[in-house]
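Source: prediction; values computed, not measured. In what follows, chains carry the letters A, B, and so on, assigned in the order in which the sequence lines appear, proteins first and then strands, with residues in each chain numbered from 1.
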2 protein chains.
Amino acid sequence: MLNHMVEQSAHLDAVFHALADPTRRAMLGHLAERELTIGELATPFSMSFAGASKHVKVLENAGLVTRTIRGRTHHCRLQAARLAEADAWLRRYQRFWTERLDTLEALLRAEDEAKGSSKGSSKATARKK
Amino acid sequence: MLNHMVEQSAHLDAVFHALADPTRRAMLGHLAERELTIGELATPFSMSFAGASKHVKVLENAGLVTRTIRGRTHHCRLQAARLAEADAWLRRYQRFWTERLDTLEALLRAEDEAKGSSKGSSKATARKK
DNA sequence: AAAAAATTAAACCGATCGGTTGACAGTTGG
DNA sequence: CCAACTGTCAACCGATCGGTTTAATTTTTT
């Protein structure tokens, strides 16, 4: 029932590790547009097939990519559920950065008022704690 | 104006790398409640001071923590702006997982109807933004 | 002044990382 | 069947990781 929420720590390890490499993030960026083979994923980085293959394996291992073998080509597809898990983890902290943004906004607003006109784009965050 | 959006790739490397370790994620969790010293951060993990010090340095390096030295103690504070950057990166992919979640929701709903539910721990997710 | 406390620095450890190369294997087209 | 194509595997490389221990530094306490 909640099983998909439990024991995500290992998932998060793998997902954040996968995302910590710019090549892999770029690969995900490409996969966001279309399904791609290992070779197609490799070429934009002037990297060996084996190198790209390793990166894809990391992404696959993190559950961010699934592979379909058609003949001799391996077609990779973005699988975003684990990205959602990562995002869910991050959002636990959202109030911190929205708080900060609010105070920043307040500062900017005050600065604006001192200088001239402004635009009021407030977030109206609940003030807790 | 958008300068703070540019060249975050190195930031993202550091942030995602910092988040890829469960000890460091837990440290951030503790720092979300209150400011903590290195020693206070170390104790829950039965880890040496030096070990915790290294983890904090990684978090600091990623811009996720700032340090204030008061006497002989170093007080660490969560700094969430970089978490916001990571979240912003992830949200580029949000449409992929919301698509998936919608189909997942449909599946779970169908399953629930077939079985009859026990606890109503539904997510009540907002379906569009 | 001396001891204790909080922390960093440095050296070290085995494990993993990102990447290459070279050998191997299945697929496809002549 | 053979050659080209696509990809993996295994070995290897230097770098970094997460962690320890020991020594040094600074501040507080006695």
Does the side chain of [X] get closer than 4.0 angstrom to OP1 or OP2 of [N] through an N or O atom?
X       : N      : value
A:Ser53 : D:dG7  : no
B:His17 : C:dC17 : no
A:Arg67 : D:dG7  : no
A:Lys57 : D:dG7  : no
B:Arg70 : C:dA6  : no

Find the distance [X]:[atom1] to [N]:[atom2] and express it as a whole number of Å.
X       : N      : atom1 : atom2 : result
A:Leu36 : D:dT6  : CG    : P     : 14 Å
B:His75 : D:dT27 : NE2   : P     : 13 Å
B:Ile69 : D:dT26 : CD1   : P     : 12 Å
A:His55 : D:dC9  : NE2   : C1'   : 17 Å
B:Asp13 : C:dC17 : CG    : P     : 15 Å
B:Asn61 : D:dC17 : CG    : C1'   : 14 Å

A:Gly71 or A:Ala50: which one's nearest nucleotide on DNA chain C is closer to the 5' end?
->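 The 5'-side residue here is A:Ala50.
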
Which residue, A:Arg72 or B:Ile38, contacts DNA chain C at a nucleotide closer to its 5' end, judged by nearest heavy atom?
->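 Going by which nucleotide is closer to the 5' end, it is B:Ile38.
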
Which heavy atom of [X] sits nearest a heavy atom of [Y], and at what distance?
X       : Y       : result
A:Cys76 : A:Val56 : SG-CG1, 3.8 Å
B:Thr73 : B:Thr37 : CB-CG2, 4.2 Å
B:Glu40 : B:Glu35 : OE1-O, 4.3 Å
A:Tyr93 : B:Arg25 : OH-O, 3.9 Å

Any link between A:Phe96 and B:Leu36 through a network of hydrophobic side chains (Ile, Leu, Val, Met, Phe, Trp, Tyr) touching at under 4.5 Å?
->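 Yes, one cluster joins them.
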
Residues in contact with DNA chain C, drawn from residues 39-49 of chain A - heavy-atom cutoff 4.0 Å = A:Met47, A:Ser48

Geometric class of the B:His30/B:Phe45 ring pair [parallel <30°, tilted 30-60°, perpendicular >60°] = tilted

Checking salt bridge (charged side-chain N to carboxylate O under 4.0 Å, His left out) for the pair A:Lys57/A:Glu60: CA distance, chi angles, key distance, verdict?
-> CA-CA 5 Å; A:Lys57 192 153 40 177; A:Glu60 209 177 1; over 6 Å; no

Listed nucleotide nearest any side-chain atom of [X], set [options]:
X       : options               : answer
B:His74 : C:dT20, D:dG7, C:dT7  : C:dT7
B:Thr37 : C:dG18, C:dT7, D:dG18 : C:dT7
B:Asp21 : C:dG18, D:dG18, C:dT7 : D:dG18

